[in-house]
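The next block holds one structure in the form of C-alpha cells; read it before the comments.
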Amino acid sequence: MKVVNLKQALLQAWKERWSDYQWAVNMRRFFPRGATWDILNLAEALLEQAMIGPSPNPLILSYLKYAISSQVSALPALQTNAAARCLGPLRGLHQSQLKMCLERLEKMLGSTKNRALIHIAKLEETCTRAAGSSSCPCPPPTDACPPSAASWSSVEQSLVKLGESLSSLSNSPLRSQADDCISLIKSIPTMLSVHSEQLNKTGFPTVHAVVLLEGTMNLTGETQPLVEQLMMVKRMQRIPSPLFVLEIWKACFVGLIESPEGTEELKWTAFTFLKIPQVLVKLKKYPQGDKDFTEDVNCAFEFLLKLTPLLDTADQRCNCNCMSLLLQECSKQGLLSEANMTNLIDKRMADREHAPHLKSAENANIQPNPRLILRAEPTVTNILKTMDADHSKSPEGLLGVLGHMLSGKSLDLLLAAAAATGKLKSFARKFIKLNEFTKHISGEGSKGASVRALLFDISFLMLCHVAQTYGSEVILSESSPAGEVPFFETWMLTCMPEEGKILNPDHPCFCPDSTKVESLVALLNNSSEMKLVQMKWHEACLSISAAILEILNAWENGVLTFESIQKITDNIKGKVCSMAVCAVAWLVAHVRMLGLDEREKSLQMIRQLATPLYGENTLQFYNERVVIMSSILEHMCADVLQQTATQIKFPSTGMDTIPYWNLLPPKKPIKEVLTSMFTKVLEKGWVDSRSIHIFDTLLHMGGVYWFCNNLVKELLKETRKEHTLRAVELLYAIFCLDMQQLTLTLLGHILPNLLTDSSKWHTLMDPPGKALAKLSVWCALSSYSSHNKGQASSRQKKRHREDIEDYISLFPLDDTQPSKLMRLLSSNEEDSNILSSPNRSMSTSLSASQLHTVSMRDPLNRVLANLFLLISSILGAKTAGTHTQFVQWFMEECVDCLEQGSRGSILQFMPFTMVSELVKVSTMSSPKIVLAITDLSLPLGRRVAAKAIAAL
C-alpha cells in the first residue's frame, strides 16, 4: 500500500478498522522512526481526525491512547463520548498541549447540543445499571438503544483527578480555563433545572387569590394540597421565595381586615395565626437550593414591615399588635431565629409609636381575637382528651365542660382553632359519640334524665352548627364501618336543609313508626311540659316531622286553635332545642312543596318555634342553647324565606348574620354580573373575599361550561399585553373554585372548538391567544398534579355535576369511531411488553402515557390525550395560521413550567412523532426544549430525543 502522507494513513486505518496494535505496526512500516515523527505532528493529526463528526471518534482515540501507553510520543487525548477518555490523559501534559486540549474541550462542551447528548447518555447509563432492579421505571436496553459506551462515573472520577492535578499548574489562565471546562461538565446533569426568577415584579395576584380562597372557603382543608398548589404557582410564575412568602402574608392581613365580624373574622384569625405558619413549615421542607428558607421568611417580614398602613389597619381591626404575635408564632415553629424575631418586633414597636392611637379607651378591655385563638388551640387538645373519657362515670362533669364551651363566643373560637389545626373532624366524631351515648337509658332519676337530655341537646346543636359553618363533610365518617350509622349522620344526610340540597317531605325518614308518632303528638298536646325520664330523644327527633304534619293538618282543619299550637310549640322548644330544629327542618322542606296561598300556617309555626321560651322552668344553659338554635334556624330558613318573600325576625342572638348571603343584584342577568365583576377585579388587579363568593355563586347558578366559556371570552377581548397577563393570573385563581371541572371544560370543549373553527382563529392572536395558552397550561398542570394525588376540597366534592357532559360518551372506549383518539385508546389495551419495546414502530398516536400504561378511562387523561392529538394534527397540517401559533405558545409554556419531561408530566400524552414536528418551529429548535418535551425515563423517549437533537 502506497501512503502519500499521515492523513491518508489515518483514513486508511479508519476505513479498514485497524486495531491499535495493527495501526502501530503499519505506522512504523510507513514512516521510519526518528526526527520524522516530530515533524509529522502525529498528536495534532490524531486529535484533528478524532474530532471530525458529531462526537469524538473512539477508534482514532484508541490509536492516540496506544501511542501514549507505548511511549511513542507524549500525546494528548480526548475522551470517548465527549468527556471520559479526555480528562484522564490531560494530567501531566505540557502546557501548550494542555491549552490545545482545553480549547477543544471547551469548544465541544460550549455546544448545548453536545451537552444534551451527554445528558441523554448519562440517563441511558443510569437506567442500564438499574435494569435488573424492579424499582427502575425503564425497560432493559435493546440493540436499538445500546448502553452508553462511556461511563459517567469514569467522567466524575477523571474530574476529581484533573482537579487534583490543576493545583500544581502555574499558568493562571490555563487553570481558569480548565475550571470552566470542569464546571460545564458538572452542570450537565442539572442543565434543565436552571430557571430565572421574576425579579421585576412585586405583586402576585394569583398567590393572593389562592390564599384568600382557602381562608374564606376551605379553612378545614388539609395543609398539604394548599402547599402543593402554592408551590405549583411559585414554579409556574417563577416567584422569588421572599416575595412569595410576603404575598402570602399580605393576603392573610387583607382577608383579616375585610372579613365580616363574628364567625368569619374568627375563622380568618385562626387561618392567619395557626394554619399559615403550618403551611410555611411544610414549604420549608421543599428544596430551596443554596438558600436558607428562614432567611427568606425573615426577608419577607422585613418587606412586610414597610407596608405600615396595612399593618396599622390590621392592628386596629384586631385591637392588638398582630405582627408581634405572628412573629412569636413563627419563631415557635422554627421559621425565624430568636435574633431575627426580636429585631423585627422592635422595628414594628417603633413604627407603632408614630401611628395613630391603635387602642381606644372603649375597647381597651376587649380581649383581641388573635390572643384568644392562640389560647384556644391547646384548649381544643384538652377538650378532646376530656371527651375520650368514659361518659357514664361523670356525665355532670362533662356537662360543665360543655356549658363553658357554649358561653359567649367560646364555641366559635374553639371550632375555628380546631378547623385551622386539622382537629375539627376529630372534634365532630367525639360529639357524635357523645350523642350516641345518650341513647342508653338505665334506671335514671330526674337529675340523671336532665343531664342526659342536656348532653343530647348540646351535642346535637353543636354538630348542626359545625355542619352549617364548616360543611357537612366534616361530620361524616370516612367509611362507615359495619354496623349502625350514628343517628346524627342519618338525620343530617336525609333531613337537614343545606345549600343546594332539595329535601322531600314525604321521604321515609320523615315517616317513622305511627305508634311513636301518635304517642308524641299526645305528649305534646296534653302535657304541660315535656317529660324527661326514660325519653328516647333520637326517636323523638325522628318522629317530630310526622307529628308536626298531624298537628298542622289538625290546625288547618280547625281541630286545634292557635293557643293549642302555642302550647305545643312551647313544649317542643321548652326543654331541648334540638326537637325545634328537627321540626323546622321538616317545615322548610314542606313549605317548598306548597302553593302560595297554602304556606301561611307552616310559616307561622316556624315563627313560633324560632321564638325562645322565656320562663323559669327551663333546663340548664337554656339561653346559651337558644343562641345556637336561632343561628341554626336562620341558616335553615334563609332560602325558603327568600323564595316566599317572607320575613321572620329571629331573636338578637349576638351571633353574626349569615355572611356573604344574597350577594347577587336583583333583576340583573347573571352574564352581566359575571362580566362586570370580572372587569372590576381586572381593574383592581386582585380578587377580594366578596368577589370570590360572587364568582362561586355564579359558578353554581350558570354551570361549569357557561362560567368557563364566558370568562374565556372576556380574556380574548383584552388587547393590551399587561392586561392579558393580569387576567390570566386572576382567572387561574378564580378557576381554583373548581379547578378539575373547569379544566376539563377548558381543554375538552372550549380549546378544541377554538382550534378547529377557522372563523374563530382571529381571536387567538397575540396577546389574548398567548394568554389563553398560558392559562390552559397552568390549569392542565394544576389539575393533573392534584388529580394524581386524589386531592379535592370538600367545596368541590359537593358541587353538582349535572351540567358536565359524560366524557366516556364524548370519547367512547370502543373502536366504532376510526379517529386518532380511538387508535390511541385501543392501542392502550395492547401487551405492555410490546408497548415498552423501543423497536416498536411509532404510530402517529403513540405516546409515553401508553408506555406507562396510564388509564385512559379517566376523563382528565382522556381530554389531555385528545388535546395533544389535535395539537399534533395542527403541527403536521399543510396550512398554518394563528391556531398554529397558539399551539407553539402552548408548548413553550409547557416547557417553561416544567423542569423536565417526566412520567408525572402532562407532556407524556404528547405523541412521540410530534417531537420532529416541533423542532421545525424556530423557537422550539433547541436541545434544551427537546429534552424537556420528551420522556427521558423511557428508552424510546431517549432515542427520539437523541435523534431530534442530532438533526438540529
For this session: Verify whether one side chain among T381 and E377 offers a donor that lies under 3.5 Å from an acceptor in the other.
Result: no

Problem set entry | Any residue meeting salt bridge (Lys or Arg N to Asp or Glu O under 4.0 Å) with K536, in chain and number order, not counting sequence neighbours | none

Exercise. Strictly by modelled atom types, are E258 and S689 linked by a side-chain donor-acceptor pair under 3.5 Å?
Worked result: yes

Problem set entry | Results of side-chain hydrogen bond (donor to acceptor under 3.5 Å, both in side chains) for E436 - residues two or more places apart only | K439

For this session: Check step by step if side-chain contact (heavy atoms from CB on, under 4.5 Å) holds for T216 and K267.
Result: CA-CA 8 Å; T216 306; K267 287 163 74 172; over 6 Å; no

For this session: Return the orientation label for the F460 and F488 ring planes: parallel under 30°, perpendicular over 60°, tilted otherwise.
Result: perpendicular

For this session: Side-chain contact test, heavy atoms from C-beta onward, threshold under 4.5 Å: evaluate it for H590 versus M605 and give yes or no.
Result: no

Exercise. For C322, does its backbone N or O pair with a side-chain atom of D315 as donor and acceptor, under 3.5 Å?
Worked result: yes

Exercise. Do D688 and S691 meet the criterion of a side-chain donor-acceptor pair at a distance under 3.5 Å?
Worked result: yes

Problem set entry | Within 6.0 angstrom of R592 CZ, more than 12 heavy atoms from elsewhere | yes

Seminar exercise, completed: Of all heavy-atom pairs linking C582 and C541, the shortest is SG-CB, 3.6 Å

What pairs of donor and acceptor atoms, side-chain ones from residues 619-629 against any protein atom, are under 3.5 angstrom apart with sequence neighbours left out?
{"residue": "Y622", "atom": "OH", "partner": "K573", "partner atom": "O", "Å": "3.2"}
{"residue": "Y622", "atom": "OH", "partner": "L613", "partner atom": "N", "Å": "3.2"}
{"residue": "R625", "atom": "NE", "partner": "Q620", "partner atom": "O", "Å": "3.3"}
{"residue": "R625", "atom": "NE", "partner": "F621", "partner atom": "O", "Å": "3.3"}
{"residue": "R625", "atom": "NH1", "partner": "D457", "partner atom": "OD2", "Å": "2.6"}
{"residue": "R625", "atom": "NH1", "partner": "K575", "partner atom": "O", "Å": "2.9"}
{"residue": "R625", "atom": "NH2", "partner": "L619", "partner atom": "O", "Å": "3.4"}
{"residue": "R625", "atom": "NH2", "partner": "Q620", "partner atom": "O", "Å": "3.1"}

Exercise. Does the R429 side chain pair with the main chain of L424, one donor and one acceptor, at a distance under 3.5 Å?
Worked result: no

For this session: For the residue pair E214 and V211, establish whether any side-chain heavy-atom pair is separated by less than 4.5 Å.
Result: no

Problem set entry | Close side-chain approach of T697 and L664, heavy atoms under 4.5 Å | yes

Exercise. Partners of H538 by ring pair (Phe, Tyr, Trp, His ring centres under 6.0 Å), sequence neighbours excluded?
Worked result: none

For this session: Any chance you could lay out the side-chain hydrogen bond (donor to acceptor under 3.5 Å, both in side chains) test for E634 and S630, step after step, and finish with the verdict?
Result: CA-CA 6 Å; E634 187 175 1; S630 298; over 6 Å; no

For this session: Look at atom CD of Q566 and say whether more than 12 heavy atoms of other residues, nucleotides or ligands are closer to it than 6.0 Å.
Result: yes

Exercise. Is it true that atom CD of E222 has more than 12 heavy atoms of other residues, nucleotides or ligands lying nearer than 6.0 Å?
Worked result: no

For this session: Using modelled atom types only, decide if a donor and an acceptor are shared between the side chain of T386 and the backbone of N382 within a distance under 3.5 Å.
Result: yes

Exercise. Can you find a side-chain donor-acceptor pair between K425 and T220 that sits under 3.5 Å?
Worked result: no

Problem set entry | Contacts of F431 that satisfy ring pair (Phe, Tyr, Trp, His ring centres under 6.0 Å) - sequence neighbours left out | F427

Problem set entry | Test item: N553 side-chain N/O and L549 main-chain N/O as donor-acceptor pair under 3.5 Å | yes

For this session: Report the residues that fulfil side-chain hydrogen bond (donor to acceptor under 3.5 Å, both in side chains) with N369, sequence neighbours left out, ordered by chain and then residue number.
Result: E265, K409

Problem set entry | Any donor-acceptor N/O pair, R452 side chain to M535 backbone, under 3.5 Å | yes

Exercise. Do K601 side-chain atoms and L552 backbone N/O form a donor-acceptor pair below 3.5 Å?
Worked result: no

For this session: Taking only Lys NZ, Arg NE, NH1 and NH2, and the carboxylate oxygens of Asp or Glu, determine whether R317 and E261 approach each other closer than 4.0 Å.
Result: no

Exercise. Any donor-acceptor pair under 3.5 Å linking the side chain of S472 with the backbone of Q468?
Worked result: no

